[in-house]
Visitor: 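The structure under discussion is supplied below as structure tokens; questions concerning it will follow.
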Amino acid sequence: MKKLLEIAKDYAKVKNYVYARFGGVGGLGGIYPGYTVQNEMTASGLRTVWGLPSVYFYLAIFDALGDIRCQWAHTRTKILQLIGRNDNFSEDDRHYLRFLLKVNNAFEAVLNQKTVQLPAGIQKQYEILAGQTDTERLHRYLRRQVRKHHAKLHTDCVDMFSVSERAYRYGEHGIYLAIKEKRRRIFVPLTDGNRYTCQLSVKLYPQEQRLEIIVPLYMSAKRYEDYVNQIGIAAGMSVMLTTDSGHKYGEKLGVYQAEYSRWIWEQNKSYRCNRENNPGRRKYTAHKRRLEERLHGYINRELNRFLTEEKPGVVCLVRLPKTGTGGGKTNRAAAMWQRGYIRRRLEWKCRERSIEIVEVLGNRISRECSCCGGIGKGKKGTFYCSTCGIVLDAKTNTAANVRRRVVQGKIIQGRS
Ligand SMILES: [Zn+2]
């Protein structure tokens with residue numbers, strides 16, 4: 001118990017350090033997606049000073065970061081409500097304030113009394129909104145409200161900590177937990193035979209000399225500490241996924257899909273001509289299944305390759321439109337169905353790895369220029385901007401727009 005209490009105490013120490021160092025307005029720039037914080041904490045050397053194993057140290061940082069983000073979300077919601085109710089604001093004032101609350105970079109700049117500098121496209125939007133208001137007055141208001149409503153985080157809870165999968169193993173009707181001594185684990189007998197492969201929380205009851213293991217709802221979830229990138233993707237019929245940096249995954253999807261659709265179409269044609277006696281129906285089903293399996297195997301391999309190479313912490317994509325059933329050509333229908341399959345597999349794989357999926361609306365997204373925000377047009381897989389003249393791969397442009405919408409906070413709340 002003493003060894004475990006030591007870990008809980010240090011775990012709280014790390015969390016309180018992260019709260020104090022990054023929980024305020026000065027930390028806002030580093031908490032999304034969080035590797036700045038992680039790097040700074042590594043560089044601080046505190047881990048060796050406190051002698052906490054890295055499996056606990058980084059988990060405590062992630063834990064604290066999650067709390068900080070949550071805290072900011074509460075603060076923003078609170079202020080949004082206040083703005084709506086405040087009669088001293090004109091509609092332009094409210095527009096401007098809502099923009100600041102939505103766009104993280106702008107929010108951060110105002111709170112830290114810096115000049116607002118945003119990517120070219122939204123900078124224009126910002127300047128238009130700013131031109132219609134007394135920005136200094138509104139900035140003061142925002143800073144005042146944040147000071148008033150953004151509570152300081154601190155934990156006094158020194159009897160609880162989280163354990164990543166790497167820090168424990170099961171055996172002899174109990175669990176072995178990593179402790180502060182190198183390469184040593186302590187054994188705790190368990191009352192049940194349940195075995196999990198995920199991050200667990202340990203709650204200590206020192207008086208009663210016992211502990212409780214708390215298991216999160218998504219038991220399959222693993223957290224990959226180096227999966228921190230925010231990746232925008234565009235899906236396609238011929239190339240499965242294109243990222244905002246132009247990487248392509250599933251480039252043969254179109255070819256395989258066409259083969260599969262053509263085969264089904266031919267089979268259906270001959271089936272319709274020979275409806276009376278169809279001896280080959282069972283053979284047909286077996287062959288169809290084989291083709292499907294091959295296609296799905298390919299899709300899954302390419303999705304895995306996407307995740308291991310891009311290491312996303314957040315995957316940003318366009319919400320799928322509701323598709324009507326019935327009608328349409330077979331090959332169109334089959335393509336639609338594959339799209340649903342790809343999406344389901346991607347969601348599953350992301351959940352398994354604790355990767356967040358964020359959706360944006362897809363209206364006009366392929367016509368927007370990811371460079372200047374102007375309007376352009378796509379032609380044979382290439383995007384031409386009529387405002388700034390840039391020429392880009394069309395899917396890369398779309399994926400970059402997806403990511404940009406997420407950065408601007410144009411996120412659909414609630415999952416489809
Ligand atoms: Zn442009």
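All ligand and atom numbering here is 1-based and tracks the order in the structure.
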Visitor: Sum up the protein N, O or S atoms located under 2.8 Å from the Zn ion (ligand 1).
Guide: 4

Visitor: Working to the nearest 0.5 Å, report the span between CD of Glu259 and NZ of Lys252.
Guide: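 The distance works out to 11.0 Å.
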
Visitor: Can you run down the salt bridge (Lys or Arg N to Asp or Glu O under 4.0 Å) pairs that involve residues 240-250, sequence neighbours left out, and say none if there aren't any?
Guide: Lys248-Asp393

Visitor: Given Lys152 and Tyr19, is the side-chain contact (heavy atoms from CB on, under 4.5 Å) satisfied, shown in steps?
Guide: CA-CA 8 Å; Lys152 276 208 173 74; Tyr19 289 155; over 6 Å; no

Visitor: Side chains of Asp93 and Tyr141 only: does a donor on one sit below 3.5 Å from an acceptor on the other?
Guide: no

Visitor: Does Thr398 offer a backbone N or O that forms a donor-acceptor pair with the side chain of Asn401 under 3.5 Å?
Guide: no

Visitor: Measuring centre to centre across the rings, with the benzene-like ring taken for any Trp, is Tyr96 within less than 6.0 Å of Tyr126?
Guide: yes

